[in-house]
Amino acid sequence: MGNSTNHFTSAYTSAFPKNDLNGGRSSTSLTQFLIRKAVEQAEWLIEQKKKDIDDLVQDKIQLEGADQISDDKLVIICARYGAARGGIHNDDLAADRITERMINLDQEIEMCEDYIADHKEAFKKCTGDTFTPKVKAAKKPSVDPDRAAAVMAKYKVA
């Protein structure tokens with residue numbers, strides 16, 4: 001982890017040197033912004049991979065209980081993982097491929113988590129601040145609730 005942190009730190013300090021006219025605030029703000037975005041994207045990617053694992057778990061559950069699902073569903077699941085229907089071990093092959101994919105996704109999640117940790121450490125080294133996630137404001141409705149109710153009442157169909 002330390003070696004890649006050094007690479008990230010040197011990349012940011014090289015790209016955004018602190019020798020600008022306003023005492024380095026521009027370079028610090030660019031570094032903060034870009035690292036935040038990199039972390040947000042990696043966190044989003046982790047969430048997508050976790051959803052993929054959930055889908056794989058469901059497929060494996062259905063595959064292992066193949067006598068409880070329709071034959072068409074079994075064919076679809078086997079085909080999704082490249083197991084030829086009618087083969088002697090088609091269910092086993094599909095199950096093995098699901099397991100392999102889940103292991104790969106777990107490894108990718110671990111790599112993304114290391115990437116996030118490295119970026120957070122680079123954030124500290126480049127800016128002197130501790131990384132804190134940006135607080136996202138709650139999404140406000142575009143129309144005031146009282147106004148929405150008034151409009152709905154005005155156009156209510158009897």
Side-chain angles (χ1 to χ4, degrees), residues 1-66 69 73-84 87 89-148:
M1 203 160 62
N3 196 22
S4 57
T5 300
N6 291 337
H7 290 302
F8 287 131
T9 302
S10 62
Y12 286 113
T13 55
S14 173
F16 309 113
K18 292 189 178 194
N19 59 3
D20 56 13
L21 296 175
N22 62 3
R25 284 181 290 197
S26 294
S27 62
T28 300
S29 122
L30 282 170
T31 301
Q32 288 174 334
F33 178 79
L34 290 171
I35 291 176
R36 281 189 199 287
K37 289 300 175 187
V39 168
E40 287 173 8
Q41 286 296 310
E43 288 172 341
W44 175 85
L45 188 57
I46 288 172
E47 290 305 312
Q48 299 310 305
K49 291 188 178 302
K50 287 180 179 179
K51 288 177 186 177
D52 290 346
I53 289 173
D54 291 342
D55 292 343
L56 291 167
V57 167
Q58 291 305 313
D59 284 350
K60 190 152 187 179
I61 289 170
Q62 289 187 358
L63 191 62
E64 289 173 354
I69 62 173
K73 183 74 172 175
L74 181 61
V75 169
I76 290 169
I77 291 173
C78 287
R80 188 178 306 148
Y81 300 103
H89 301 292
N90 61 357
D91 298 349
D92 294 338
L93 180 60
D96 290 346
R97 288 189 174 159
I98 290 171
T99 301
E100 182 182 336
R101 183 68 184 130
M102 288 169 63
I103 291 168
N104 289 342
L105 287 168
D106 280 335
Q107 291 172 345
E108 290 172 9
I109 288 170
E110 287 176 18
M111 287 186 275
C112 285
E113 288 169 345
D114 289 344
Y115 175 85
I116 289 170
D118 288 343
H119 268 77
K120 288 180 178 181
E121 186 61 32
F123 186 93
K124 175 118 177 118
K125 288 181 179 180
C126 291
T127 66
D129 294 333
T130 302
F131 182 91
T132 52
K134 185 177 178 181
V135 178
K136 296 179 183 175
K139 197 171 189 179
K140 295 180 182 178
S142 58
V143 178
D144 180 84
D146 294 334
R147 175 73 178 135

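Note that the structure is predicted; figures quoted are calculated from it, not measured.
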Pairwise distance [atom1]([X]) to [atom2]([Y]) - rounded to 0.5 angstrom:
X      : Y      : atom1 : atom2 : value
Tyr12  : Leu34  : OH    : CG    : 6.0 Å
Ile35  : Glu121 : CD1   : CD    : 10.5 Å
Asp59  : Arg97  : CG    : CZ    : 14.0 Å
Phe123 : Asp118 : CZ    : CG    : 15.0 Å
Thr99  : Arg101 : OG1   : CZ    : 12.5 Å

- Note on the structure: In short, Cys126 meets Thr31 closest at the heavy-atom pair CB-CG2, 3.7 Å

- Heavy-atom pair of closest approach, residues Pro17 and Ser27: O-CB, 3.3 Å

- Task: Check whether any side-chain heavy atom of Leu45 sits under 4.5 Å from a side-chain heavy atom of Gln41, and report yes or no.
- Result: no

Listing, residues 46-56 side-chain donor-acceptor contacts under 3.5 Å, not counting sequence neighbours, or none:
unit_1	atom_1	unit_2	atom_2	d
Lys49	NZ	Glu108	OE1	2.5

- Item | Any residue meeting ring pair (Phe, Tyr, Trp, His ring centres under 6.0 Å) with Phe16, in chain and number order, not counting sequence neighbours | none

- Query: Under the ring pair (Phe, Tyr, Trp, His ring centres under 6.0 Å) rule, what pairs show up with a residue in residues 93-117, not counting sequence neighbours?
  - Reply: Phe8-Tyr115, Tyr115-His119

- Message: Checking the side chain of Arg36 only, and the main-chain atoms of Thr132 only, is there a donor and an acceptor separated by less than 3.5 Å?
- Response: yes

- Task: For Lys37, enumerate each residue passing the salt bridge (charged side-chain N to carboxylate O under 4.0 Å, His left out) test, keeping only those at least two apart in sequence or located in another chain.
- Result: Glu40

- What residues, two or more places apart in sequence or in another chain, satisfy side-chain hydrogen bond (donor to acceptor under 3.5 Å, both in side chains) together with Thr13? none

- Message: Suppose we screen for side-chain hydrogen bond (donor to acceptor under 3.5 Å, both in side chains). Which residues come up paired with Asp129, at least two apart in sequence or across chains?
- Response: Gln32

